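To keep things clear, I will list the structure first and then write my remarks on it.
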Amino acid sequence: MNAWVQDKDSYVATPNGSLFHYDRKSGEERVVSTEMPSDENHHSKRKNDIDSKPLPKDEPTRTMKEAVLTFLSNIFSDRE
């Protein structure tokens with residue numbers, strides 16, 4: 001699990017609407033919430049009726065570093 005590889009606690013949102021917390025020190029995993037949007041087409045049983053379809057699909061596809069470099073590049077290119 002990522003929590004042990006990175007030596008950090010981890011949170012994982014699953015397609016059935018659960019949010020898990022993995023505690024690296026204790027080795028325990030627990031459900032933190034079952035109120036995350038869930039995928040009606042996923043093979044696991046949904047934990048809720050919160051549909052994921054109406055959510056925006058414009059999640060960032062670049063890193064913060066790339067965003068900052070683009071921003072700075074735009075500022076300096078406008079000065080020419």
Side-chain angles (χ1 to χ4, degrees):
M1 204 75 231
N2 204 24
W4 293 275
V5 172
Q6 292 186 347
D7 198 30
K8 297 179 184 177
D9 289 3
S10 294
Y11 291 87
V12 176
T14 63
N16 71 2
S18 297
L19 177 66
F20 283 90
H21 173 248
Y22 294 92
D23 187 308
R24 181 195 54 81
K25 289 183 181 178
S26 69
E28 295 179 2
E29 57 185 68
R30 65 182 174 92
V31 176
V32 177
S33 173
T34 56
E35 297 187 18
M36 303 297 292
S38 56
D39 184 353
E40 67 184 36
N41 297 318
H42 195 265
H43 64 273
S44 64
K45 185 175 184 207
R46 293 175 79 180
K47 301 292 183 186
N48 58 52
D49 292 327
I50 303 171
D51 196 4
S52 62
K53 287 183 182 174
L55 297 176
K57 303 299 180 200
D58 60 349
E59 293 87 6
T61 58
R62 57 187 176 162
T63 65
M64 182 57 80
K65 178 181 176 183
E66 292 169 329
V68 169
L69 291 174
T70 300
F71 175 76
L72 292 174
S73 174
N74 290 337
I75 288 174
F76 291 112
S77 67
D78 289 341
R79 292 184 175 190
E80 295 175 9

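A quick note: this is a predicted structure, and the numbers were derived from the prediction, not measured.
Not a single donor-acceptor pair under 3.5 Å links the side chain of Ser73 to the backbone N or O of Leu69. Checked by atom type and distance alone, the side chain of Asn16 never pairs as donor or acceptor with a backbone atom of Lys47 at under 3.5 Å. Of the possible polar contacts, none joining the Asp9 side chain to the Asp23 backbone as a donor-acceptor pair under 3.5 Å is found.
In terms of heavy atoms, Asn48 sits closest to Ser38 at OD1-OG, 2.9 Å.
The shortest distance between side-chain heavy atoms of Val32 and Phe20 does not fall below 4.5 Å.
Here CG of Asn41 is found 8.5 Å from CZ of Arg46. Values are rounded to the nearest 0.5 Å.
Note on Val31: it does not cluster hydrophobically with Met36, by side-chain heavy-atom contacts below 4.5 Å among ILVMFWY residues.
Of the options Glu28, Arg30, Glu29, a side-chain contact (heavy atoms from CB on, under 4.5 Å) to His21 is made by Arg30 and by none of the others.
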